[in-house]
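Take a look at the structure below.
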Amino acid sequence: MKYVERIFDELGHFKRFQACLYFAAVFQSIACGIHYLASVFLVETPKFLCESPGNITEVLYGNHSGTVLEDIWPYFTSANGTVAVQTANGEQWELNQCARARRENTTGFEYQFDGEKTVYSCMGKYVFDSSEVQQSIVTDWGLVCEREWLAKLVQPTFMLGVLIGAVVFGDIADRIGRRPVLMLTSLCQFGFGVTVALAGNYYFFVVLRFFLAMVSSGYLVVVFVYVTEFTGMKVRTWTSMHVHAAFAVGVMVVALVGYLVRVWWIYQIILSLSTFPFLFFCWKFPETPFYLLAKGKHREAQELLDSIARFNGLPASLKVADLMDTETDTLLVKDSKLAKEKPEKKLGILDLFGTLRMTCRTLTVWSVWFIGSLGYYVFSLGSVNLGGNQYINLFLAGAVEIPSYLIGCYAMDRVGRKKTCAPALLLSGVACVLIIVIPKDFEVLIIILSMTGKFAIAIAFGLIYLYSCELYPTTIRSLAVGSGSMMCRVGSVVAPFCVYLADIWTYLPQMIVGSLAFVIGVMTLWLPETLGKPLTNTLEEAAALGSAPSKVKQEKVEMQPCGQADGDVEPPKV
């Protein structure tokens, strides 16, 4: 850029100062990924049965027998009948998961019984298999049978907190700065994370997790802006995309800790400690030069420029005055008199639908935001139900994102945004369809297809942030990205409920995600390509994208934290 982007031309697009800030800020994004997916094992439900009313002396389950329930857990499945037990006082009981029946007028102890039975409720007393899960909130608070819905409500309420946190902290960051929000959300993330582990009851646990979701979401939203405002155009595509890669590392940490620790409150404390190192150096973070200049804090901006220059081993010759031009760079100068003479028209969300072309574009972009989030969490949360080792499955679901962002970045700068997004969504849809038609016995193939779907949806989910910036003009860009982010949060709230639909039909979540991804992938083909195109300033220029070569002058590219790759691309058909 001609003025503010001169900061990076003079001081480096990604030298030592920016690299240190970037990796420190992104490190904390790992904690966000951890807390988003931690519930996978927090609310894990092991095998369980109604508690026997007396001490058990003998157990029968099909062709298996034993003296304690632990003897039959390896063979027990909820779909294969009841467990018959005999107690020390000679009574015989049939134990189900949500009820128990006493056999009347029994003789010998056999598995099959055709006589009279008296059915009783479990009275909230259950026996859980502790071989895989020693303690979860389900075992501690009996969240099964008629209370099962409480366990299933944990992740949706967390995602609701994510939605609210994105709105609240995104607005606060624009008002008071990025730095204070990063510090506040990091401190609260550590505090709420540890306090969740100490919750004494279910309702306190859910409330604390809600607030934890708010601050985690707040950090993730603001750190994306923070790192893009500290890195130059040459690397901005990569730096913005790889904030998501840190999130994926958090998913892998969840799988690793979940495998090693089977007591939920210890598991929660260990996961929360990931934030602790960040608290030692986050207070040293500077405010971004974009924000300081936009707020007219020129002295602080000059001190920051000098600090960056010294840290990067360059002469401190760049002055704030060199970045300002009252004729074209109105974003950097607070000229109240000019604002009064030429009041700017305030645009609202309805301006995203001003014309038929913009309406179709907005609906498509919102759809990509939605399916990106929905597919991401359905693949992640559902990975533990694919068969095989659930910890390895979740680890792979996180690991597969790393190459997806590398390939996504490369493709975005080579073949274009649209030609990367649309095939990714179509591939995800095809993978879901194949999962449905593959027989259950082919577990390895199903896992590979699921990872393929996650790989593809992660590409679309990662690039839509930058693509949305480029599809809309300066006058309404923040609103466009913000509204898209809201659709993203809606997708994350819906995702847990979509995963629970597997209780109705095992492949129903994949069918929903696959069909939506395929349809939205086709819709994306009608979006204009933005690779190599300058950022637009007005709604008219934005609407003209894809219909005619842009008439925007190169020297009027405005100050925005969005990357732009160089390259020539043929104008799209629509």
Side-chain angles (χ1 to χ4, degrees), residues 30-46 132-144 147-165 189 192-199 201-217 220 247-248 250-275 373-374 376-386 390-391 393-395 397-398 454 489 491-503 509:
I30 296 175
C32 298
I34 285 172
H35 292 302
Y36 274 48
L37 274 298
S39 68
V40 169
F41 301 122
L42 284 173
V43 299
E44 190 173 1
T45 304
E132 290 290 333
V133 182
Q134 294 179 19
Q135 277 184 266
S136 71
I137 68 166
V138 173
T139 64
D140 278 7
W141 298 322
L143 305 182
V144 292
R147 288 167 58 85
E148 182 184 11
W149 67 275
L150 292 174
K152 292 186 174 181
L153 198 62
V154 168
Q155 189 65 10
T157 54
F158 184 91
M159 289 304 181
L160 181 62
V162 168
L163 189 155
I164 296 174
Q189 196 174 52
F192 285 130
V194 173
T195 309
V196 164
L198 306 177
N201 62 71
Y202 168 82
Y203 299 101
F204 192 34
F205 171 87
V206 170
V207 170
L208 288 173
R209 287 254 309 163
F210 178 84
F211 289 120
L212 175 61
M214 286 186 61
V215 295
S216 297
S217 174
L220 198 60
F247 187 95
V251 177
M252 291 187 281
V253 171
V254 169
L256 179 62
V257 176
Y259 174 76
L260 297 174
V261 182
R262 307 298 175 90
V263 178
W264 76 267
W265 60 271
I266 300 177
Y267 161 86
Q268 176 66 29
I269 289 176
I270 292 175
L271 292 179
S272 299
L273 290 177
S274 61
T275 302
S373 180
L374 178 67
Y376 182 92
Y377 289 108
V378 166
F379 280 118
S380 297
L381 295 171
S383 62
V384 297
N385 301 320
L386 293 175
Q390 60 181 347
Y391 303 102
N393 291 349
L394 183 61
F395 185 88
K454 176 70 180 295
R489 308 308 167 189
S492 65
V493 172
V494 173
F497 294 107
C498 187
V499 173
Y500 298 148
L501 292 176
D503 294 338

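Because the structure is predicted, anything quoted here is derived from the model rather than measured.
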Could you go through Ser383 and Lys454, starting from their C-alpha distance and side-chain angles, then the distance that decides it, and tell me whether this counts as side-chain contact (heavy atoms from CB on, under 4.5 Å)? CA-CA 10 Å; Ser383 62; Lys454 176 70 180 295; over 6 Å; no
From Gln155 CD over to Tyr500 OH, what is the distance, rounded to the nearest 0.5 angstrom? 6.5 Å
Other residues, nucleotides and ligands only: do more than 12 of their heavy atoms fall within 6.0 Å of OH on Tyr259? no
Working note: Phe158 + Val162, criterion side-chain contact (heavy atoms from CB on, under 4.5 Å); need CA distance, chi angles, decisive distance, verdict. CA-CA 6 Å; Phe158 184 91; Val162 168; 3.8 Å; yes
Keeping the roles fixed (side chain from Thr157, backbone from Leu153), state whether a donor-acceptor pair exists under 3.5 Å. yes
Check: Arg262 side chain, Glu132 main-chain N or O, donor-acceptor pair, under 3.5 Å: yes
Go through the steps to decide whether Leu212 and Gln268 satisfy the test side-chain contact (heavy atoms from CB on, under 4.5 Å), and finish with yes or no. CA-CA 12 Å; Leu212 175 61; Gln268 176 66 29; 4.2 Å; yes
Using modelled atom types only, decide if a donor and an acceptor are shared between the side chain of Ser373 and the backbone of Ser492 within a distance under 3.5 Å. yes
Below 30° counts as parallel, above 60° as perpendicular, anything between as tilted: where do the rings of Trp264 and Phe205 land? perpendicular
So, do Phe247 and Tyr36 have ring centers that fall under 6.0 Å from each other? yes
So which atom in Val40 and which in Leu381 form the shortest heavy-atom distance, rounded to 0.1 Å? CG2-CD2, 3.7 Å
Please check if the side chain of Ser272 supplies one atom and the backbone of Gly193 the other of a donor-acceptor pair under 3.5 Å. yes
Under 3.5 Å, is there a donor-acceptor pair between the side chain of Arg147 and the main chain of Trp141? yes
Could you tell me whether a side-chain N or O of Thr139 sits under 3.5 Å from a main-chain N or O of Gln135, the two making a donor and an acceptor? no
Kindly write out the residues that satisfy side-chain contact (heavy atoms from CB on, under 4.5 Å) with Leu501, not counting sequence neighbours, or none if the list is empty. Ile504, Leu508, Ile512
For Tyr377, what residues pass the side-chain hydrogen bond (donor to acceptor under 3.5 Å, both in side chains) criterion, not counting sequence neighbours? none
Ile269 vs Trp265, test: side-chain contact (heavy atoms from CB on, under 4.5 Å). Steps then yes/no. CA-CA 6 Å; Ile269 289 176; Trp265 60 271; 4.1 Å; yes
Heavy-atom count check: over 12 atoms from other residues, nucleotides or ligands less than 6.0 Å from Tyr202 OH? yes
